[in-house]
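Values below: every heavy atom of this structure, side chains too, minus hydrogens, waters and symmetry copies. Remember, it's 1-based here, ligands and their atoms both numbered in the order they're listed.
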Amino acid sequence: MDIMTQQQRSDLMSKIHGKNTKPELFLRRFLWSKGVRGYRIHKKLPGKPDLYFGPEKVAVFIDGCFWHKCPECYRAPKTNKRFWTAKIKRNIARDIQVDVSLREMGIKSIRFWEHEVMKDPMKCYKALKRALK
Ligand SMILES: [Zn+2]
């Protein structure tokens with residue numbers, strides 16, 4: 001049995017899946033403080049990148065540690081295990097497909113884990129700077 005009510009579940013989902021989720025806002029504020037400008041948000045490209053730098057053709061994704069199975073943070077859920085495992089597997093397969101599609105369009109994608117953004121935004125900033133060169 002699932003311990004969450006449907007309402008709680010949908011609150012959680014919108015928190016995790018919604019626009020302007022916390023890590024994304026956090027990263028954008030950090031980048032702003034570093035003088036990074038000129039990106040688009042949630043541009044209509046494969047995978048809807050969190051940030052997209054048009055002239056440089058760089059797409060940035062922040063992957064949720066649970067939803068994309070971060071090797072450091074991921075813990076298998078205790079309830080509905082089969083459901084979540086299948087869902088996460090699909091997410092990962094989609095990530096790969098998205099990267100391939102973007103590459104075919106000449107767009108470079110860079111992915112950060114949610115925990116990297118929250119714990120070490122400087123590292124993300126540096127990786128981004130390298131990608132934008
Ligand atoms: Zn993580």
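- Ring-centre distance between F53 and Y39: below the 6.0 Å cut-off.
- The line from CD1 of I110 to CG of L102 is 12.0 Å long, rounded to the nearest 0.5 Å.
- Around the Zn ion (ligand 1), the protein N, O or S atoms found under 2.8 Å comprise C65 SG, C70 SG, C73 SG, H115 ND1.
- Partners of F61 by ring-ring contact (aromatic ring centres under 6.0 Å, His included), not counting sequence neighbours: none found.
- Between M105 and L45, the closest side-chain pair of non-hydrogen atoms falls below 4.5 Å.
- Annotation: the span from K69 atom NZ to R75 atom CZ amounts to 12.0 Å, rounded to 0.5 Å.
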Start with the C-alpha distance between Y125 and L27, add both sets of side-chain angles, then the distance that settles side-chain contact (heavy atoms from CB on, under 4.5 Å), and finish with yes or no. CA-CA 9 Å; Y125 164 71; L27 183 65; over 6 Å; no
